[in-house]
Amino acid sequence: MTVEIAVHPLDDPVRASLRGQHRRFARWTGRIGRYDPEVAQFVGHPAVLDDQDWVDLGVALGSGGSAGIRGVGLVPPAGWTVSAEFDTVQMEGSGLRVAVDSGLERLTAADVPEMLALIARTEPGPFAPRTIEMGTYVGLRVDGRLVAMAGERLHPPGWTEISAVCTDAEFRGRGIASRLIRAVGAGIRARGETPFLHAIAHNTSAISLYETLGFTVRKRSMLTLMQAP
């Protein structure tokens, strides 16, 4: 087995989270770590996968299972299928201007059906029935209807990812996303941690918003969606 070199937590955020704050969700197969699928679909792996890692990844995913694998120039073994590739950016928020917002409400497990419906309408990214257990989520209601939300996802030591930032189409352009990000960031900062987030590189409007709020691009990478034999 290849010896791993210690890396920054943000260079291996899935496994760093599963070894720490999210260990209760972890499922390990060798050096491959994945979340309980009801919580999240993320899989963590070494930067360089050796032959045994690919075997373990196949076992972790199960026959025909899929996962996003990070890194550039990945060459999977025979039998694996590459479904899609995405250029991504990772942004760190040490400069985020945070703000507590009393107009937002903390969401709970009772709100999950509405949260899943909002995710389905807005498609910000993957969100499972138990994703809410990964951290704090806040939302905005208008006439009792949940129209926007954001929350915490990956949690490597010293950092917390802001994710699931979404707003119903009819309420966009009102600064709601900025309010949500600043409010989630305020909770993260209050714990002495630093916010970070991920975005698809071609989503330039979102990246511009994040930069306006104080985020800076830390790293560019590739996410390859692969299906096991």
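- Closest heavy-atom contact between Pro129 and Val112: O-CG1, 3.6 Å.
- Taken together through direct or relayed side-chain contacts under 4.5 Å among Ile, Leu, Val, Met, Phe, Trp and Tyr, Leu225 and Ile69 form parts of separate hydrophobic clusters.
- A distance of 11.5 Å separates CZ of Arg141 from CG of Asp143, quoted to the nearest 0.5 Å.
- Side-chain atoms of Val43 and Leu57, non-hydrogen and from C-beta on, do get closer than 4.5 Å to each other.
- At least one side-chain heavy atom of Leu118 sits less than 4.5 Å from a side-chain heavy atom of Asp168.
- Checked against the 6.0 Å centroid threshold, His8 and Trp159 count as a close aromatic pair.
- Looking only at side-chain heavy atoms (C-beta outward), Glu92 and Thr194 come within less than 4.5 Å of each other.
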Item to complete: Would you sort out whether Arg179 and Leu104 count as a side chain to side chain contact (heavy atoms under 4.5 Å, CB included), showing the intermediate values?
Response: CA-CA 9 Å; Arg179 289 176 58 190; Leu104 304 176; 3.9 Å; yes
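- Contacts of Val100 classified as side-chain contact (heavy atoms from CB on, under 4.5 Å), with partners at least two apart in sequence or in another chain: Ala186.
- Proximity of a side-chain donor or acceptor of Asp101 to a complementary backbone N or O of Gly103 within less than 3.5 Å is detected.
- Counting heavy atoms from C-beta outward, Met91 and Glu211 have side chains that approach closer than 4.5 Å.
- Between Glu114 and Arg121 there is no salt bridge, since no side-chain nitrogen of the basic residue lies less than 4.0 Å from a carboxylate oxygen of the acidic one.
- No chain of hydrophobic side-chain contacts below 4.5 Å, direct or via other Ile, Leu, Val, Met, Phe, Trp or Tyr residues, connects Leu49 to Val55.
- Linking Ile, Leu, Val, Met, Phe, Trp and Tyr residues whenever their side-chain heavy atoms come within less than 4.5 Å leaves Val147 and Leu116 in two separate clusters.
- In this structure the side chain of Leu140 never reaches within 4.5 angstrom of the side chain of Glu105, judged on heavy atoms.
- The existence of a salt bridge linking Arg220 and Asp87 is excluded, since no basic side-chain nitrogen approaches an acidic carboxylate oxygen closer than 4.0 Å.
- If you take OG1 on Thr204 and CG on Leu209, they are separated by 11.5 Å, rounding to the nearest 0.5 Å.
- A distance-only check finds no donor-acceptor pair linking the side chain of Asn203 to the backbone of Ile200 [under 3.5 Å].
- Contact record, Gly33 with Val14: O-CG1, 4.3 Å, taken as the closest heavy-atom pair.
- No donor-acceptor pair under 3.5 Å is formed between the side chain of Thr81 and the backbone N or O of Ser83.
- Within the 4.5 Å cutoff, the side chain of Ile132 has heavy atoms near those of the Met115 side chain.
- Summarising the geometry, atom CZ belonging to Arg130 is positioned 6.0 Å from atom CZ belonging to Phe25; distances are rounded to the nearest 0.5 Å.
- Under the 4.0 Å criterion applied to side-chain N and carboxylate O atoms, Arg70 and Asp11 are not assigned as salt-bridge partners.
- Within the 4.5 Å cutoff, side-chain heavy atoms of Arg218 are placed close to those of Leu10.
- Within the model, atoms OG of Ser94 and CD of Glu193 stand 14.0 Å from one another, a figure rounded to the nearest 0.5 Å.
- To the nearest 0.5 Å, the span separating CD1 on Ile181 from OG1 on Thr212 amounts to 10.0 Å.
- Taking the ring pair (Phe, Tyr, Trp, His ring centres under 6.0 Å) definition, one finds that His202 meets it with nothing, sequence neighbours left out.
- Listed here is the closest heavy atom pair of Ala128 and Ala40: CB-N, 4.4 Å.
- Under a 3.5 Å cut-off, the side chain of Arg153 and the backbone N or O of Met134 do not form any donor-acceptor pair.
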Fill in: Stepwise side chain to side chain contact (heavy atoms under 4.5 Å, CB included) check, Trp54 with Val59
CA-CA 9 Å; Trp54 284 106; Val59 171; over 6 Å; no
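- Between Glu133 atom CD and Glu38 atom CD the span is 9.0 Å, to the nearest 0.5 Å.
- Linking Ile, Leu, Val, Met, Phe, Trp and Tyr residues whenever their side-chain heavy atoms come within less than 4.5 Å places Val138 and Val165 in a single cluster.
- Applying the side-chain hydrogen bond (donor to acceptor under 3.5 Å, both in side chains) definition to pairs two or more places apart or across chains, those involving residues 16-27 are His22-Tyr35.
- With sequence neighbours excluded, the residues forming a ring pair (Phe, Tyr, Trp, His ring centres under 6.0 Å) with Tyr137 are Phe127, listed by chain and number.
- Here Phe196 pairs with His198 under the ring pair (Phe, Tyr, Trp, His ring centres under 6.0 Å) rule; sequence neighbours left out.
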Practice prompt. Might you work through the side chain to side chain contact (heavy atoms under 4.5 Å, CB included) test for Arg34 and Leu61, ending with a clear yes or no?
Written response: CA-CA 9 Å; Arg34 72 171 303 181; Leu61 296 178; 4.2 Å; yes
Practice prompt. Determine, stepwise, if the pair Glu161 / Ser163 fulfils side chain to side chain donor-acceptor pair (under 3.5 Å).
Written response: CA-CA 6 Å; Glu161 182 187 25; Ser163 184; 4.9 Å; no
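- Glu123 places no side-chain N or O within 3.5 Å of a backbone atom of Ile119 that could act as its donor or acceptor partner.
- For the 3.5 Å distance criterion, the side chains of Arg191 and Thr160 qualify, holding a donor opposite an acceptor.
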Practice prompt. Before giving the answer on side chain to side chain contact (heavy atoms under 4.5 Å, CB included), spell out for Phe86 and Thr224 the whole-Å C-alpha distance, their side-chain angles and the decisive distance to 0.1 Å.
Written response: CA-CA 6 Å; Phe86 304 94; Thr224 303; over 6 Å; no
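- Summarising the geometry of Gly62 relative to Ala228, their closest heavy-atom pair is O-CB, 3.8 Å, with the distance given to 0.1 Å.
- Between Arg106 and Asp111 there is no salt bridge, since no side-chain N of the basic residue sits under 4.0 Å from a carboxylate O of the acidic one.
- Cluster annotation: Val89 and Leu223 are assigned to distinct hydrophobic clusters (Ile/Leu/Val/Met/Phe/Trp/Tyr, side-chain heavy-atom contacts under 4.5 Å, transitive).
- Shortest non-hydrogen contact noted between Phe171 and Ile176 is O-CD1, 3.5 Å.
- If you chain together ILVMFWY residues whose side-chain heavy atoms come under 4.5 Å of each other, Val7 ends up in a group of its own.
- For the pair Glu152 (side chain) and Thr136 (backbone), a donor-acceptor distance under 3.5 Å is present.
- Using a 4.5 Å heavy-atom cutoff, the side chains of Leu213 and Ser178 are in contact.
- Looking at every heavy atom in both residues, Ile32 comes nearest to Pro46 through CD1-CD, 4.2 Å.
- Across Asp56, Asp12, Asp50, a single residue satisfies salt bridge (charged side-chain N to carboxylate O under 4.0 Å, His left out) together with Arg31, and that is Asp50.
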